[in-house]
Protein chains: 2
Amino acid sequence: MVTDAPAHALREAGLRATRQRLTVLEALRAREDSITAQDLHMELRQAGEPIGLTTVYRTLSALADAGFLDTFEREGELAFRHCSVDHHHHLVCEACNKVEEITAEEVERWVQEIAQTRGFAVTGHRADIFGLCADCSA
Amino acid sequence: MVTDAPAHALREAGLRATRQRLTVLEALRAREDSITAQDLHMELRQAGEPIGLTTVYRTLSALADAGFLDTFEREGELAFRHCSVDHHHHLVCEACNKVEEITAEEVERWVQEIAQTRGFAVTGHRADIFGLCADCSA
DNA sequence: GTTGTTGCAAAGAATTTGCAACATA
DNA sequence: TATGTTGCAAATTCTTTGCAACAAC
């Protein structure tokens with residue numbers, strides 16, 4: 001038996017590799033849009049995966065804390081999307097919720113510069129672009 | 001009687017200039033941090049202003065729609081802050097919730113460039129910096 | 001075997017809606 | 001006066017918590 005990569009990644013983050021967590025992580029990895037806890041729970045249930053809503057909430061939260069997921073606020077609810085580890089920004093389609101990751105050194109530079117000018121101690125920043133992706137605007 | 005500027009501004013936006021709306025608008029104009037509907041309601045009540053929580057919610061929402069306020073998401077709840085009309089970004093202090101508006105042509109340029117590259121039809125963007133302001137990090 | 005995790009039911013919190021009384025234009 | 005607005009109470013919706021059964025290590 002070879003090393004189980006997803007399970008290993010979870011353990012490295014101090015999380016036990018339970019069936020539910022692997023399911024959620026896999027589901028998120030398989031999609032390129034963002035999804036809410038409620039919606040994901042419904043999808044998994046409909047796909048025959050036995051998992052509780054509470055667990056979906058806790059799992060998404062834990063995975064986001066561990067850096068596996070990015071979070072978005074969508075009119076009052078939290079949506080999550082799988083992300084690569086390093087810092088990046090987003091191109092968000094408002095029609096299909098697809099999210100493209102983009103890196104932007106220009107923005108990083110801009111952040112440092114502005115912050116320095118105002119004596120601001122930066123803890124984080126976000127620079128996201130919203131609109132319609134090529135498919136949806138076609 | 002001279003023209004009442006705040007009342008006039010409301011009417012221009014298609015909103016009746018009620019005591020409650022003027023109160024909310026004034027309260028927001030007087031502060032440089034962002035505040036939630038719940039908190040603002042409590043403050044106004046404590047200041048002796050008779051206003052219902054429902055009205056605070058509806059008023060903040062209407063004022064934001066009309067472009068008088070910017071909205072922020074603060075861990076599950078919406079916060080509002082008075083803003084100037086033209087497009088800008090924010091420097092947000094996580095300790096005192098103070099918000100400084102900043103303009104950034106660099107960011108505007110970056111947005112256009114990225115969007116064009118990917119065939120994205122931009123409807124909006126945000127570029128906010130979070131951290132501790134000079135006062136709070138001192 | 002320990003300890004972290006799950007999931008149900010219940011609680012909690014923010015926000016919205018129905019509707020009759022009321023204020024603005 | 002006609003229509004938009006208010007505010008209470010009730011309803012909704014998202015999210016969290018208590019706790020006993022259970023699974024991972």
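Within every chain, numbering begins at 1; the chains are lettered A, B, ... in the order of the sequence lines, protein sequences first and strands thereafter. Every value quoted in this text rests on a predicted model; they were computed, and no experiment measured them.
Between A/Arg45 and B/Thr36, it is A/Arg45 whose nearest contact on DNA chain C lies nearer the 5' terminus. Residue-to-nucleotide proximity on DNA chain C shows that, of B/Glu77 and B/Ala7, the 5′-proximal contact is made by B/Glu77.
Rounded to whole angstrom, the span from the CZ atom of B/Arg11 across to the C1' atom of C/dA25 amounts to 8 Å. For the pair A/Arg19 CZ and C/dG7 P, the computed distance is 6 Å after rounding to whole Å. Between the CG atom of A/Asp39 and the C1' atom of D/dC14 there is a distance of 12 Å, given to the nearest Å. In this structure, B/Leu53 places its CG atom 9 Å from P of C/dT15, rounding to the nearest Å. At whole-Å resolution of the value, CG in A/Leu22 and P in C/dT5 are 13 Å apart. Rounded to a whole Å, the CG atom of B/Leu63 is 10 Å from the P atom of D/dT6. Rounded to an integer number of Å, the gap from CD of A/Glu73 to P of C/dA14 is 14 Å. Put simply, NE2 on B/His41 is 7 Å from P on D/dC8, counting in whole angstrom units.
Looking at B/Glu101 and B/Arg81, their side chains come closer than 4.5 Å, going by heavy atoms from C-beta outward. Between A/Leu10 and A/Leu63, some side-chain heavy-atom pair lies under the 4.5 Å cut-off.
Proximity note for A/Arg21 (side chain, C-beta onward) versus D/dC25, C/dT5, C/dC8: the nearest is C/dT5. Candidate nucleotides D/dG18, C/dG18, D/dT15 were compared by shortest atom distance to the side chain of A/Leu78, and D/dT15 ranks first. When distances are taken from the side chain of B/Tyr57 to each of C/dC8, C/dT15, C/dT6, the shortest belongs to C/dT15. Picking from C/dT6, C/dA25, C/dG4 the nucleotide with the shortest atom distance to the side chain of A/Arg16 gives C/dG4. Relative to the side chain of A/Thr54, the nucleotides C/dA9, C/dA23, C/dT15 differ in distance, and C/dA9 lies closest.
Note on A/Gln38: a base of the nucleic acid sits closer than 4.0 angstrom, heavy atoms only. Within 4.0 Å of B/Thr18, counting heavy atoms only, lie sugar-phosphate atoms of the nucleic acid but no base atom. In this structure, B/Arg58 reaches the bases: a heavy-atom distance under 4.0 Å links it to at least one base atom across the strands shown.
At most 12 non-hydrogen atoms from other residues, nucleotides or ligands lie less than 6.0 angstrom from CD of B/Glu32.
In this model, the phosphate group of D/dA23 is not approached by any side-chain N or O of A/Gln20 to a distance below 4.0 Å at OP1 or OP2.
A/His89 and B/His125 form no side-chain donor-acceptor contact under 3.5 Å, judged by distance and modelled atom types alone.
Annotation: cation-pi pair B/Arg21/B/Phe68 absent, no NZ/CZ under 6.0 Å from the ring centroid and within 45° of its normal.
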